[in-house]
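Bear in mind the structure is a predicted one, so any value in this text is a computation, not a measurement. Counting starts at 1 for both ligands and their atoms, following the listed order.
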Amino acid sequence: MIKAYAALEAGAELKPFEYDPGPLGSQDVEIEVEHCGICHSDLSMLDNDWGMTQYPFVPGHEVVGKISAVGANVTGLTVGQRVGLGWHAGYCMTCPSCMQGDHNLCATSQGTIVGRHGGFAERVRAHEASVIPLPKGVDSESAGPLFCGGITVFNPLLQFDVKPTDSVGVIGIGGLGHIALQFLNAWGCNVTAFTSSEAKKAEALEMGAHHTINSRDPEEIAAAAGQFDLIISTVNVKLDWNAYIGTLRPKGRLHFVGATLEPLDLGVFPLIMAQRSVSGSPVGSPDAIAKMLEFAALHDIKPVVERFRLDQVNEALARLRSGKARYRIVLTR
Ligand SMILES: NC(=O)c1ccc[n+]([C@@H]2O[C@H](COP(=O)([O-])OP(=O)(O)OC[C@H]3O[C@@H](n4cnc5c(N)ncnc54)[C@H](OP(=O)(O)O)[C@@H]3O)[C@@H](O)[C@H]2O)c1
Ligand SMILES: [Zn+2]
Ligand SMILES: [Zn+2]
């Protein structure tokens with residue numbers, strides 16, 4: 001039996017919960033969880049905002065721990081190894097996306113907390129392809145948030161060949177956004193933090209931003225017209241997207257990773273006349289995660305975390321919900 005924390009219905013408090021994971025799959029590994037970050041997607045899933053949550057629901061998809069068991073056909077991982085697990089717990093491994101290394105685009109990938117039990121637990125299981133070793137120089141205590149928040153903002157830098165000469169904006173300086181500022185600064189970019197929290201402006205500059213703009217102030221946004229090659233939005237709310245399109249250079253891109261539920265309402269001419277793009281992406285492939293970890297180790301990039309014990313999980317979730325977390329909450333067993 002695996003001891004975990006689960007919600008029995010949408011929005012409910014998490015309670016101690018035990019489940020029988022059954023026999024270990026031949027290509028699966030079991031991780032003894034040491035730390036697990038809390039992503040805003042855990043809250044959205046807990047509340048069933050996306051209509052795909054199954055209860056009892058065990059959140060947690062920013063796992064760091066040690067391998068405690070491996071299936072009979074596992075070749076790449078060994079018991080005792082330090083590893084992490086993010087949003088995906090498995091891929092089909094044979095579709096065109098998987099075959100070309102875009103596992104994160106696999107249509108039948110399995111979400112760590114979608115129809116299976118996640119990392120707010122003593123142990124969690126996943127297919128070996130989705131479990132990535134932690135390189136030396138990446139500490140276990142703060143690495144969890146890299147496995148979802150971190151990779152989600154790192155992957156666009158690989159996908160769009162972002163250059164050190166690019167000006168890049170990040171909207172929303174929360175769990176994802178504060179890691180994005182650090183990656184972009186190390187990448188060499190001219191970095192702007194768009195934040196709705198005046199109190200975060202000074203910290204954003206310390207974390208790697210060169211400039212800050214109030215993300216809800218029409219005048220400040222208008223003053224930045226035509227400046228950005230790329231803007232990454234990490235917010236889960238509707239903002240004035242047409243105003244943001246106006247801040248892009250010709251061929252600039254507004255890229256969504258924040259899960260905004262309201263449809264976009266965009267003027268087409270500002271896209272056509274300056275050949276601008278709008279796009280979105282989910283997390284990243286196992287290869288991209290491994291590259292991100294090496295990059296984080298080399299540049300000493302670490303999520304800024306607040307620590308709670310696993311048994312304080314409800315307090316921790318309430319703090320994330322309040323918007324006060326600076327900048328990612330990590331549960332430690
Ligand atoms: N694409 C993917 O694969 C992927 C992966 C992980 C997460 N996500 C999604 O990404 C989003 C962000 O996740 P997170 O964990 O970073 O969340 P978070 O820590 O709660 O940060 C979100 C940030 O958005 C800003 N924000 C919130 N409400 C706002 C409002 N009313 N107006 C303006 N700004 C507001 C805040 O930044 P400021 O205080 O700076 O304004 C806040 O810190 C969520 O929707 C999550 O589900 C997507
Ligand atoms: Zn596939
Ligand atoms: Zn996440």
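- Between Y19 and F17, the two ring planes are parallel [angle under 30°; tilted spans 30° to 60°].
- Y327 and V170 fall within the same hydrophobic cluster, defined by Ile, Leu, Val, Met, Phe, Trp and Tyr side-chain heavy atoms under 4.5 Å apart, directly or through other members.
- Screening F120, W87, F147 against H61 for a ring-ring contact (aromatic ring centres under 6.0 Å, His included) leaves a single residue, W87.
- When all heavy atoms of A193 and L181 are compared, the pair lying nearest together is CB-CD2, 3.9 Å.
- Atom CD1 of I245 is separated from atom CG of L254 by 4.5 Å, given to the nearest 0.5 angstrom.
- Heavy-atom proximity to T234, at under 4.0 Å, picks out these atoms of ligand 1: 10 (O), 11 (C), 12 (C).
- A salt bridge links R333 with E32: at least one charged nitrogen is closer than 4.0 Å to a carboxylate oxygen.
- Following chains of ILVMFWY side-chain contacts shorter than 4.5 Å, one can reach L293 starting from V153, so the two form part of one hydrophobic cluster.
- Remark: R326 does not engage E306 in a salt bridge, criterion side-chain N to carboxylate O under 4.0 Å.
- The atoms of ligand 1 that sit less than 4.0 Å from any heavy atom of R328 are 14 (P), 15 (O).
- Taking a cut-off of under 4.0 Å to the non-hydrogen atoms of W50, the atoms of ligand 1 that pass are 47 (O).
- When hydrogens are left out, the protein atom nearest atom 28 (N) of ligand 1 is V237 CG1, 4.0 Å; that is the closest non-hydrogen contact.
- Atom CE in M45 sits 8.0 Å away from atom CD in Q54 (nearest 0.5 Å).
- Looking from atom 38 (P) of ligand 1 to the surrounding protein, the closest heavy atom is T195 OG1, 3.4 Å.
- Looking only at protein heavy atoms, the nearest one to atom 7 (C) of ligand 1 is S41 OG, 3.4 Å.
- The hydrophobic clustering, which links ILVMFWY residues whose side-chain heavy atoms are closer than 4.5 Å, places L320 and I113 together.
- Taking a cutoff of 4.0 Å between a charged side-chain nitrogen and a carboxylate oxygen, E30 and R123 qualify as a salt bridge.
- The distance from the Zn ion (ligand 3) to the nearest N/O/S atom of H61 is under 2.8 Å.
- Rounding to 10 degrees, one finds that the Zn ion (ligand 2) sits at the corner of an angle of 110° between C95 SG and C92 SG.
- Below 4.0 Å from some heavy atom of K200 lie the following atoms of ligand 1, by number and element: 37 (O), 38 (P), 39 (O), 40 (O), 43 (O).
- Using a 4.0 Å cut-off to heavy atoms of G174, the atoms of ligand 1 that qualify are 19 (O), 21 (O), 43 (O).
- For ligand 1, the atoms lying closer than 4.0 Å to a non-hydrogen atom of G175 are 16 (O), 18 (P), 19 (O), 21 (O).
- We find that D300 and K302 are joined by a salt bridge, their nearest charged nitrogen and carboxylate oxygen being less than 4.0 Å apart.
- The shortest contact between atom 45 (O) of ligand 1 and any protein heavy atom is with A259 N, 3.0 Å.
- Using a distance-only test at 3.5 Å, with no hydrogens or angles considered, a donor-acceptor pair links the side chain of H178 to the main chain of V304.
- Heavy-atom distances between C39 and ligand 1 reach below 4.0 Å in at least one pair.
- Close N/O approach between V257 and ligand 1 is found [any backbone or side-chain N/O within under 3.5 Å].
- Proximity annotation for atom 2 (C) of ligand 1: of V235, L176, T152, V153, T152 comes nearest, heavy atoms only.
- Angle SG(C106) to the Zn ion (ligand 2) to SG(C98), rounded to 10°: 100°.
- For atom 33 (C) of ligand 1, the closest non-hydrogen atom on the protein side is R216 NH1, 3.4 Å.
- Looking only at protein heavy atoms, the nearest one to atom 27 (C) of ligand 1 is N236 OD1, 4.2 Å.
- Considering G86, S196, S197 only, the shortest heavy-atom separation from atom 41 (O) of ligand 1 involves S196.
- Checked by distance only, ligand 1 and C148 stay at 3.5 Å or farther apart across all their nitrogen or oxygen atoms.
- Taking every heavy atom of both residues into account, A12 and L46 meet most closely at O-CD1, 3.7 Å.
- Annotation: S215 places no N or O atom under 3.5 Å from an N or O atom of ligand 1; distance criterion only.
- Looking only at protein heavy atoms, the nearest one to atom 20 (O) of ligand 1 is H40 ND1, 2.8 Å.
- With salt bridges taken as basic N to acidic carboxylate O contacts below 4.0 Å, one links E198 and K201.
- No heavy atom of A193 sits closer than 4.0 Å to any atom of ligand 1.
- By the criterion of a heavy-atom distance under 4.0 Å, the backbone of S281, and not its side chain, is placed next to ligand 1.
- Set against the non-hydrogen atoms of V283, the atoms of ligand 1 under 4.0 Å away are 2 (C), 3 (O).
- Ranking protein heavy atoms by distance to atom 10 (O) of ligand 1, first place goes to G258 CA, 3.4 Å.
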